[in-house]
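In what follows, chains carry the letters A, B, and so on, assigned in the order in which the sequence lines appear, proteins first and then strands, with residues in each chain numbered from 1.
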2 protein chains.
Amino acid sequence: MSVKSVQFAVATHLMAALGIYPGGEVGSATLAESVKANRTFVRKSLSKLSKAGLVLTTRGKSGASVLARPPKRITLLDIYRASGAPPAFAIHSYPVEKRCPVSCNLKECMSAVLSQAQKSFEKSLANITLADFIRQIRAKGH
Amino acid sequence: MSVKSVQFAVATHLMAALGIYPGGEVGSATLAESVKANRTFVRKSLSKLSKAGLVLTTRGKSGASVLARPPKRITLLDIYRASGAPPAFAIHSYPVEKRCPVSCNLKECMSAVLSQAQKSFEKSLANITLADFIRQIRAKGH
DNA sequence: ACCAAATGTGACTCTTAACATCACATATTG
DNA sequence: CAATATGTGATGTTAAGAGTCACATTTGGT
């Protein structure tokens with residue numbers, strides 16, 4: 001029903017790191033060390049955040065990334081959407097048995113249910129700002 | 001972040017079919033025709049629903065399944081849980097970079113966020129009964 | 001102008017987990 | 001006890017995410 005994807009968690013990690021790092025300018029190599037993930041993978045994630053307008057990236061020598069807005073004005077929903085994570089809920093793609101009314105209508109009814117579920121999921125993400133999230137990380141100490 | 005799984009959709013399909021079928025006793029072969037999925041797969045799904053107490057199954061010759069309770073008293077959350085669908089949201093499993101406070105605390109903070117999201121997702125499923133769902137299917141006609 | 005060092009991206013491989021399928025155990029009716 | 005259900009472990013298949021490589025592109029410094 002869903003796709004195991006790390007995109008959202010990694011994107012959030014990157015955003016939190018950018019928000020916490022003093023000065024705020026961080027290169028992708030440093031970020032990759034923090035996430036301990038593949039550099040190319042991190043660059044790709046950063047690129048998405050950049051395209052979504054959450055991060056400003058400079059290229060060339062001494063290139064780096066900065067948050068495009070203060071953390072208060074970025075929600076986890078923004079990050080989720082930017083991360084390109086696939087929709088959390090999916091339906092099967094079996095053929096339809098035309099003689100069966102359940103089979104005929106299930107997909108339509110099911111996708112109504114799932115899109116409602118997706119909305120309530122997104123709503124809960126919209127209620128958390130990056131600033132909140134960073135505060136929680138700081139609260140746990142080091 | 002999630003796992004593409006068809007379990008929930010199939011389980012809902014089965015429950016709706018059992019609820020709609022006149023008399024209510026249906027064999028797994030008939031159900032498999034409606035879903036147009038593999039018979040073994042359907043039996044396994046039914047088995048889970050049975051173990052969860054949503055369905056009563058009789059074995060042996062003339063074996064079949066019936067809803068254990070009236071559709072009004074079954075929610076889609078019951079079905080979701082019974083379906084054994086993996087948690088909709090997951091975190092990566094990269095190692096922790098101990099020098100980085102973000103890396104150290106991310107998993108914990110992230111799983112708090114995700115479990116909250118999961119809860120709000122489940123809440124929206126809890127608000128829909130199987131009877132509601134069947135009504136929606138019927139409303140679409142055949 | 002050129003080199004060094006960074007990001008951006010397309011292409012390919014590797015890995016994993018869900019689904020499909022098979023084989024057979026188990027249960028029940030007539 | 002034979003016929004016909006369901007239950008389930010084992011194994012094969014496959015699709016999608018993640019890892020990796022190669023190289024283009026951008027930009028600052030000498």
Side-chain angles (χ1 to χ4, degrees), chain A residues 1-11 13-14 18 25-33 35-66 68 82-95, chain B residues 1-11 13-14 18 25-33 35-66 68 82-95:
Chain A
M1 181 178 85
S2 46
V3 176
K4 197 164 274 175
S5 165
V6 166
Q7 299 289 342
F8 178 42
V10 169
H13 190 142
L14 296 174
L18 287 172
E25 293 230 343
V26 192
S28 71
T30 307
L31 289 170
E33 275 177 36
V35 181
K36 284 210 175 168
N38 191 273
R39 287 193 181 189
T40 302
F41 187 58
V42 168
R43 282 210 300 273
K44 281 175 183 169
S45 297
L46 266 173
S47 170
K48 285 176 195 165
L49 293 172
S50 179
K51 279 179 181 165
L54 298 182
V55 155
L56 299 176
T57 302
T58 56
R59 299 185 60 174
K61 195 171 175 176
S62 82
S65 299
V66 205
S83 72
F89 312 108
I91 313 181
H92 62 75
S93 53
Y94 299 132
Chain B
M1 180 176 89
S2 46
V3 177
K4 196 164 276 174
S5 164
V6 167
Q7 300 288 344
F8 178 42
V10 169
H13 189 141
L14 295 174
L18 288 172
E25 293 231 342
V26 193
S28 71
T30 307
L31 289 170
E33 275 177 35
V35 181
K36 282 208 175 172
N38 192 274
R39 287 192 181 190
T40 301
F41 186 57
V42 168
R43 281 209 301 271
K44 281 175 183 169
S45 297
L46 267 173
S47 170
K48 286 177 195 164
L49 293 171
S50 179
K51 279 179 181 165
L54 298 181
V55 154
L56 299 176
T57 303
T58 56
R59 299 183 63 174
K61 194 172 176 177
S62 83
S65 299
V66 204
S83 73
F89 312 108
I91 312 182
H92 62 74
S93 54
Y94 300 131

With a non-hydrogen cut-off below 4.0 angstrom, is A/S47 in contact with a base, only sugar-phosphate, or nothing? sugar-phosphate
NA contact type, B/G63, heavy-atom cut-off 4.0 Å: base, sugar-phosphate, or nothing?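 Answer is sugar-phosphate: B/G63 comes under 4.0 Å of backbone atoms only.
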Quickly work out the [X] [atom1] to [N] [atom2] distance and round it to whole Å.
{"X": "B/N38", "N": "D/dT14", "atom1": "CG", "atom2": "C1'", "value": "15 Å"}
{"X": "A/R39", "N": "C/dT7", "atom1": "CZ", "atom2": "C1'", "value": "12 Å"}
{"X": "A/H92", "N": "D/dT14", "atom1": "NE2", "atom2": "C1'", "value": "19 Å"}
{"X": "A/K61", "N": "C/dC2", "atom1": "NZ", "atom2": "P", "value": "17 Å"}
{"X": "B/L56", "N": "D/dT6", "atom1": "CG", "atom2": "C1'", "value": "14 Å"}
{"X": "A/K36", "N": "D/dG19", "atom1": "NZ", "atom2": "C1'", "value": "17 Å"}
{"X": "A/K44", "N": "D/dA22", "atom1": "NZ", "atom2": "P", "value": "14 Å"}

Please answer whether the main-chain N or O of B/G63 pairs with a side-chain N or O of B/T58 as donor and acceptor at a distance below 3.5 Å.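 No; judged by distance alone, with no hydrogens or angles, the pair does not exist.
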Closest contact, heavy atoms only, [X] versus [Y]:
{"X": "A/T57", "Y": "A/V55", "answer": "OG1-CG1, 3.5 Å"}
{"X": "A/S83", "Y": "A/A11", "answer": "CB-CB, 3.8 Å"}
{"X": "B/F41", "Y": "B/V10", "answer": "CE2-CG2, 4.0 Å"}

Is there a donor N/O on one and an acceptor N/O on the other, under 3.5 Å, for the side chain of [X] and the base of [N]?
{"X": "A/K51", "N": "C/dT9", "answer": "no"}
{"X": "A/K48", "N": "C/dT9", "answer": "no"}
{"X": "B/R59", "N": "C/dT28", "answer": "no"}
{"X": "A/R43", "N": "C/dT7", "answer": "no"}

Given C/dT28, C/dG10, D/dG9, identify the nucleotide with an atom nearest to the side chain of B/T40.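 Selected nucleotide (nearest to the side chain): D/dG9.
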Which of the following nucleotides, C/dT7, D/dA3, C/dA20, is nearest to the side chain of B/F41?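 It is C/dA20.
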Looking at B/S62, I'd like to know whether one of its side-chain N or O atoms comes within less than 4.0 Å of OP1 or OP2 on C/dT29.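 So the side chain of B/S62 is outside the cut-off, no N or O lying under 4.0 Å from OP1 or OP2 of C/dT29.
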Residue pair A/S28 / A/R39, side-chain heavy-atom distance below 4.5 Å: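 No, their side chains stay 4.5 Å or more apart.
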Quick check on DNA chain D: between A/T58 and B/V26, whose nearest nucleotide comes earlier from the 5' end? B/V26
